[in-house]
Structure formats: C-alpha cells, structure tokens
Student: 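Okay, handing you the structure first.
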Amino acid sequence: MLHAKHSAGDDDDVNWNTDDEIDNFQSSPRNVVHMDETVAKFIEMGFSIEMIGRAVEETGGENPEPLMILETLFKISTSPEASSSKSKVIDELIGMGFSEELVIKAIQEHGEENLKEITNALLSYAAEKMHETEKMHETENEDINNNYFSDDNDDINIFSGLSSSDEENELNSFHGDGRLQDLIKMGYPRKEASIALERCGKIASLAEVVDFIFAAQMARQLDEFWAASDEQERRINEPPPRRRRLNTDIASDDELIRLPNPMIGFGVPKEPGLITDRPVPIPNIALGPPYFYYENVAMTPKGVWATMSSHLYDIKPEFVDSLYFCAAARKRGYIHNLPIKNRFEIQPTPHYTIQEEFPLTKKWWPAWDKRTKLNCVLTCIASAQLTNKIRKRLEKHERDPAVQKDIVDQCKKWNLVWVGKNKAAPLEPYEMERLLGFPNNHTRGISRKDRYKSLGNSFQVDTVAYHLSVLKPLYPKGINVLSLFTGIGGGEVALHRLQIPMKLVVSVEISEVNRNIFRSFWEQTNQRGDLIEFRDVEELDDHKIEGLMDQYGGFDLVIGGSPCNNLAGANRVSRTGLEGDQSSLFYDYCRILEAVRSKASRMRR
DNA sequence: GCCATCATGAAATATAGA
DNA sequence: TCTATATTTCATGATGGC
C-alpha cells in the first residue's frame, strides 16, 4: 500500500481542521459529536424534545450515532401515529426548513393523510428551488472556472478550480457582512444558506451554520433512503450478488439491453429528451449511499452489458456519447445508483465542434472535409508517414473527388485535423487532454506513446462530471472516494472541477505511469484529503476495505471503469469478452463494491 | 453495405550511454 | 562504434448498429 498523506504541518490546513471539529452526522467513529450538541441540532431542525428522546431510545445502543437517531426521527415523524395531529405535522415540516406556503400547498394537493406524498412533493419543490439556485451559483462561479484552461500557453499547468488559498479566504471572510454571499460562493444553495443563517442566528460560528445546512441536506437524502430501509435491512442477510456466468448463459439477456439512439442516456445538456426519473427504477437493494459509478465501452460483444448489469443489482446502464459534451465521440455505458435530478455541467463547457475547439485548424480545413466532430480518441495515433502521404497526394490531385473522399476516410479513421496546407495530422496529447476535459498537460512528463495510451483509456471528464454533479449538494463538506482502475484520475478531476472536496481517495491503479500522473495532479491541486494508493485490485481484500472504512468512516462513492481491452472493437487480437484476462477484472469491481456496501450496512447499525 | 471502434505485437528505426 | 533501450511504424479483422 502506498500512502500519500497530506502533511499536517501545512499553514493552509485551516479548513479540514475546522471540518474535523464540526463533523456531524456522518456515521464515522471519529466524527461522532457530543450528544448535547446533537440534541440541540435536532431541536433546531424542528423536532420536539419528546420525539428526540423517543428516537434515542428506539435507536438503542449505549451511544447511538446521530445519523441513526436522525433516521429514527424521520421514521417516527412520518408514522401514522405521529401524523394524528395535522398542525403538529405542519409545524414539523416547517421546522425542517420548508415554507408554510409549500407545506399547505402539498397537503392540499395530496391530502393530509398521505404523508409520504406530501414529503415527496415538498422534496420536489425543494429540488426545483435548489436547481434554480444551483444555476445561479454556476453563473457566479464562471469566473473561477474560466481560468481553468489556458489557450495561450500549453506549458503552464493551470489548476485554478478552488485552490486551497481561495477556500481559506472564503472561510475567513465568513464573519463579515456578506455571509449569505460567502455561503453561496462555497456552493450552498441560496435558500438553504438563508434558512441556515436565520435559524442559527447572528452569533453562530461558521461551523454551526455549515453543520446545520449539512444536516438538512442529509435529512432530505435520508428521506429517500428511509423509503428503502426495510429492503436494505433485508439485504444485509442476503448472499452476495450473482457470481460470474459464462457467456453462453446470458443469451436471453441480450434482448434486454439495446444501445439508444440518440445516445444521450437520461439526457444531456442542450439536447431534448432530458428525463428526471429513471424508466426502470433502481432496485431498492441497490439504493445508495454508498453511491457507485461504473463505466465501460458501450459497444461490447453481445450480452456483456446484460451480464454486467446482472452483477450490479440489475441496474440498467446509461449509455452516453460524449460528443454531446465535447467535439469528440466517446460512446460509453455507465451503471450507477446516483440520483439523476438536477444534474449540471461543469464550467467552462468545452467547444462542441472541432473548428471551435481548435481554431487554428480553420485556416487549413478544406471545404470538402465536412467533419465537425472527431471520432473516439483511441490509444494509438496515425504515423507521420500518413501525414506525408496525404500531403503528396493532395499536391498532385487536390481537385480529384475520389482522392478527397479517400483522404477524408483516412482522416476519420485516424482522427486527423488540418494543421497546415494539405497537412492532416493527429492530435497532440495536450489537445486530447482538452477534448477529454483534463487540465492542460495533465499527462506531461511521460513518453508521448504513454500519454496517448493513458488518455485513450480515460474518462471524458465533462460527461462524468455531469453525472456526478448531483453529489455536490449532498456532500458539501466533501466525500470519501474509493477509486478503482483510477487511470489518470478522470473521476477525481471531475470531482475537483465540480469543487466537491475529496476528503479521502483510495486509488487502485496498476500502471506506475498513471499513478505518477494522478499523484502529480493531487499535489498540484493542493488537495487537503488523504491519498492512499494501491497497485492491484487483488490487494484490496475485505480486511483492508473494512480497515479503511473503520479508519475514515466509510466511502461515499465507489467509482471506476474496469479494463476494456477484451471488449473494445479496436482490438483485433484478443477481443475475448468479459472473461478476458483484463476485462474480467470487472468482477473485482463487483467484489469490492459489495464489500463496501456490506460494511456500510453494518456501520449503519 | 457502410461505418466506427478506451488494441496488440512485431519489426524497424531512433536515441542514449559507455 | 557498439549495445541497450525507447519510440515509431505497420499489419492485423470482427463486431454490431444503422
């Protein structure tokens, strides 16, 4: 195990120290707060002392964790017994932060007896409001994010998302007159920040206000979680998910999974077809937290996605082509249990056409090459010889339509762009980084060949960030990430660009070259959390997973895309399917995910 | 029929170091 | 100049969606 721990002596270590002090409802042993403080927070949230006492008693244990108590409180507050008094329910809902107007509206719409419907309606109202606020917040953050890329100097690495000093300044300025603005800048929705300030009072510390917001958000999250709690309890005693099957076993599943056209998943920005409810709901057994996010190539041999889905709780994959996010195609499938409401893009968004993304190519782009999008960025590029051949042919037969067509075919096959007169060349590594949403020169310092290989195997950051964006309001204080097959850290770059703090990243990556790239990213972006590196997924057995979860309070997100070598269409040598040497590591993803979920269940109890 | 596809391995060539 | 290592180049189809 390779352990890169953040140095404790850094001068700018203010935030995490503060957060450690105020850590609240996470079920981490090290994060358990004093019971008096917990009770005070529950009272602030609108629960009566009587109800809190009952919840503590029903939760059981010598020192029940706040998260468990809160869960019990929600069960009690929405039980038929508790709903006997309409005014009491109204008071409690208002006490939870919902406006009186909305509560009354929800009751009128759904009837006073139907508490669950009322709660769902209120959550929807709140979600809509949060979404609006999030949009405002995105606009406000544009200036920060616009500095992320440098078009002028490719030799300068710019990681200007939320630097440590920026974050510190924001926190330090909290006690000034613009507290609401400060909270909004930190990423909290305006409504929640406003309520929190009102409820906590003028003399409240930053810790208390942030704590209050987090508690309210956790409460909302728990409400959805609670709906499936019975099922989850049952899950604890269930056997692990189905183990691997032979390809011959899954023929009947083939028909269940088809690639969508257009390949927009549950929807993408700027295209019609956005949906906010899954057509096939996530089975209760698979509801998070912990959340997981699995990725692989969309076009696999038949039956592979059906098999992968069956091993990941029968969640249907979301197929998305990243050409809806950038100027290059990238057809991928994602199986995840993330919410899909209120997704948002990271800023700045990439350009959507080749010519906009690489303006210098406009001068040389021939009219007969109609491409506006590139094909998938692969792990290998065309040779310099091909560029020479194309130039020579064009010098002789520039006006020959047959030659033009042949050359366009070559350009499509090898993803060439026009960089000079009659000169079609492959993308430079830094150009691929830009297409894929990475910082300029993210992969600098390794051989050119390795850069292409690593980039060809990576996530498209904007696409993944769009999916992960729903975590931002759920975890304003940051998340613990278990990153399998980390590669060059596409998932972590997405979280960083979303400004979701990473308190912990446990990374598994077999390539030393990739580990070095990711570690450089971690250091250059001044990450405050801990980075723990493993080389091989096989090193991560149940004992190690449980130890890490005990130490850090569990994982909030398990993310990774297992090797596609044996699935990818470009492989002419060993496209042997999911049981191939590399691609069968998918089963390790399942094993580790199940170990995390199982341990998380035990920790909740 | 057309088209795109997170690739692999061997041979050829270039580079670095003694 | 020789040798070891690194990099570039080339040849290698099948699959599945439309």
Side-chain angles (χ1 to χ4, degrees), chain A residues 247 251 254-255 257-264 294-306 308 319-323 325-326 328-334 370-371 373-390 405-406 408-416 425-429 432-433 435-438 443 445-461 463-464 484-491 509-511 513-514 560-578 580-583 585-586:
Chain A
N247 276 338
D254 289 356
E255 293 168 10
I257 295 183
R258 288 277 179 265
L259 297 178
N261 184 23
M263 196 178 279
I264 59 172
Y294 174 79
E295 180 261 12
N296 216 317
V297 291
M299 290 188 285
T300 61
K302 273 196 170 184
V304 168
W305 274 107
M308 293 195 292
F319 293 103
V320 181
D321 191 337
S322 292
L323 68 81
F325 288 86
C326 67
R330 203 165 189 80
K331 298 176 183 64
R332 297 292 180 269
Y334 306 88
K370 304 293 185 189
R371 288 176 301 153
K373 295 278 189 182
L374 290 164
N375 285 332
C376 184
V377 169
L378 303 181
T379 57
C380 295
I381 61 164
S383 68
Q385 299 303 316
L386 180 61
T387 298
N388 276 332
K389 284 179 189 172
I390 288 173
K405 182 185 181 308
D406 189 43
V408 169
D409 285 347
Q410 290 291 314
C411 288
K412 287 179 181 174
K413 179 180 177 185
W414 291 104
N415 248 351
L416 306 179
L427 294 170
E428 290 296 312
M432 287 190 181
E433 286 164 352
L435 277 174
L436 293 170
F438 287 92
T443 58
I446 61 175
S447 75
R448 191 176 165 83
K449 183 182 173 64
D450 282 344
R451 290 182 77 175
Y452 284 122
K453 183 175 181 184
S454 294
L455 286 162
N457 280 305
S458 77
F459 288 171
Q460 205 287 325
V461 170
T463 312
V464 172
L484 306 177
F485 316 106
T486 302
I488 58 175
E509 171 56 42
I510 200 153
S511 158
V513 163
N514 286 344
S562 61
C564 66
N565 311 34
N566 309 123
L567 309 176
N571 189 348
R572 305 174 186 188
V573 179
S574 52
R575 196 184 189 193
T576 48
L578 196 54
D581 289 344
Q582 286 83 40
S583 293
L585 291 174
F586 161 76

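For clarity, every value in this text was computed on a predicted model and none was experimentally measured. Throughout, protein chains are lettered first and strands after them, A, B, ... in sequence-line order, and every chain is numbered starting at 1.
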Student: Under a 4.0 Å N-O cut-off, is there an ion pair linking A:Lys413 with A:Asp409?
Tutor: no

Student: Do A:Glu428 and A:Glu433 touch side chain to side chain, with heavy atoms closer than 4.5 Å?
Tutor: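 With C-beta onward as the side chain, the pair stays apart.
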
Student: Report the distance from atom CE of A:Met263 to atom C1' of B:dA4, rounded to the nearest whole Å.
Tutor: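 Distance check: A:Met263 CE to B:dA4 C1' gives 11 Å.
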
Student: Could you pull out the closest heavy-atom pair between A:Ser454 and A:Ile488, with the gap in Å?
Tutor: CB-CG2, 3.6 Å

Student: Do the side chain of A:Trp414 and the main chain of A:Cys380 share a donor and acceptor less than 3.5 angstrom apart?
Tutor: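 No; judged by distance alone, with no hydrogens or angles, the pair does not exist.
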
Student: Determine the Euclidean distance between corresponding P atoms of C:dC10 and B:dC6; express it in Å to zero decimal places.
Tutor: 23 Å

Student: What stems involve DNA chain B, if each pair must be Watson-Crick or G-U and both of its distances must be under 3.5 Å, with 3 or more such pairs in a row?
Tutor: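 Counting only runs of 3 or more consecutive pairs, the stems involving DNA chain B are B:1-5 with C:14-18, B:7-18 with C:1-12.
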
Student: B:dT5, C:dC10, B:dT8: which one has an atom nearest the side-chain heavy atoms of A:Asn565?
Tutor: B:dT8

Student: Calculate the interatomic distance between A:Asn296 atom CG and B:dT5 atom C1'; express it in whole Å.
Tutor: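 Whole-Å distance recorded here is 13 Å.
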
Student: Would you confirm whether A:Arg575, through its side chain, and A:Ala568, through its main-chain N or O, come within 3.5 Å as a donor-acceptor pair?
Tutor: yes

Student: Could you work out the separation of B:dT5 and C:dT12 based on their C1' atoms and round it to a whole Å?
Tutor: 15 Å

Student: Under the side chain to side chain contact (heavy atoms under 4.5 Å, CB included) test against A:Pro426, which residue among A:Leu386, A:Asn415, A:Thr387 passes?
Tutor: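 Option passing the side chain to side chain contact (heavy atoms under 4.5 Å, CB included) with A:Pro426: A:Thr387.
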
Student: May I have the distance from A:Tyr294 (atom OH) to B:dC6 (atom C1'), rounded to whole angstrom?
Tutor: 12 Å

Student: Have a look at A:Arg448 and say if it touches a base, only the backbone sugar-phosphate, or nothing, with a 4.0 Å heavy-atom cut-off.
Tutor: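 Touches sugar-phosphate only.
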
Student: Between A:Gln582 and A:Cys376, just flag the one whose closest nucleotide in DNA chain B comes earlier from the 5' side.
Tutor: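 Looking at DNA chain B, the more 5' nearest nucleotide goes with A:Cys376.
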
Student: For residues A:Tyr294 and A:Ser562, is any side-chain donor paired with an opposing acceptor at under 3.5 Å?
Tutor: yes

Student: Rounded off to whole Å, could you give me the CD-to-P distance for the A:Gln410 and C:dC10 pair?
Tutor: 12 Å

Student: Using heavy atoms to find the nearest nucleotide of DNA chain C for A:Leu386 and A:Ser447 separately, return the residue whose nucleotide is more 5′.
Tutor: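 That would be A:Ser447.
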
Student: Of all heavy-atom pairs between A:Trp305 and A:Val297, which one has the smallest distance, and what is that distance?
Tutor: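 In terms of heavy atoms, the two residues are closest at NE1-O, 2.9 Å.
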
Student: Could you run down the sub-3.5 Å N/O contacts of the protein with nucleotides 12-18 of chain C?
Tutor:
{"from": "C:dT12", "atom 1": "N3", "to": "A:Arg572", "atom 2": "NH1", "distance (Å)": "3.2"}
{"from": "C:dT12", "atom 1": "O4", "to": "A:Arg572", "atom 2": "NH1", "distance (Å)": "3.2"}
{"from": "C:dG13", "atom 1": "O6", "to": "A:Arg572", "atom 2": "NE", "distance (Å)": "3.4"}
{"from": "C:dG13", "atom 1": "O6", "to": "A:Arg572", "atom 2": "NH2", "distance (Å)": "3.2"}
{"from": "C:dG13", "atom 1": "N1", "to": "A:Gly569", "atom 2": "O", "distance (Å)": "3.1"}
{"from": "C:dG13", "atom 1": "N2", "to": "A:Gly569", "atom 2": "O", "distance (Å)": "2.9"}
{"from": "C:dG13", "atom 1": "N2", "to": "A:Asn571", "atom 2": "O", "distance (Å)": "3.1"}
{"from": "C:dT15", "atom 1": "O4'", "to": "A:Arg575", "atom 2": "NH1", "distance (Å)": "3.3"}
{"from": "C:dG16", "atom 1": "OP1", "to": "A:Lys302", "atom 2": "N", "distance (Å)": "2.6"}

Student: Using a strict heavy-atom distance below 4.0 Å, which residues from residues 449-461 of chain A are in contact with DNA chain C?
Tutor: A:Lys449

Student: C:dC10, OP1 or OP2 - any side-chain N/O from A:Ser383 closer than 4.0 Å?
Tutor: yes

Student: Could you go through A:Ser447 and A:Lys453, starting from their C-alpha distance and side-chain angles, then the distance that decides it, and tell me whether this counts as side-chain contact (heavy atoms from CB on, under 4.5 Å)?
Tutor: CA-CA 10 Å; A:Ser447 75; A:Lys453 183 175 181 184; over 6 Å; no

Student: Could you give the CD1-to-P distance, from A:Ile381 to C:dT9, as a whole number of Å?
Tutor: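 After rounding, the reported distance stands at 8 Å.
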
Student: How many Å lie between CG on A:Asn388 and P on C:dT8, as a whole number?
Tutor: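 Nearest whole value for this atom pair: 15 Å.
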
Student: Base, sugar-phosphate or nothing for A:Cys380? Non-hydrogen atoms, less than 4.0 Å.
Tutor: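 The residue A:Cys380 makes base contact.
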
Student: Consider only side-chain N and O atoms of A:Ser322 and A:Arg330, and report whether a donor and an acceptor are under 3.5 Å apart.
Tutor: no

Student: Give the rounded distance in Å between these two atoms: CG of A:Leu585 and C1' of B:dC6.
Tutor: 15 Å

Student: If you compare all heavy atoms of A:Leu374 against all heavy atoms of A:Leu427, which two are closest, and at what distance to 0.1 Å?
Tutor: CD1-CD1, 3.8 Å

Student: Given A:Val304 and A:Phe586, is the side-chain contact (heavy atoms from CB on, under 4.5 Å) satisfied, shown in steps?
Tutor: CA-CA 11 Å; A:Val304 168; A:Phe586 161 76; over 6 Å; no

Student: I need the CG-P distance between A:Asn375 and B:dA7, as an integer number of Å.
Tutor: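 Answer to the nearest Å: 13 Å.
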
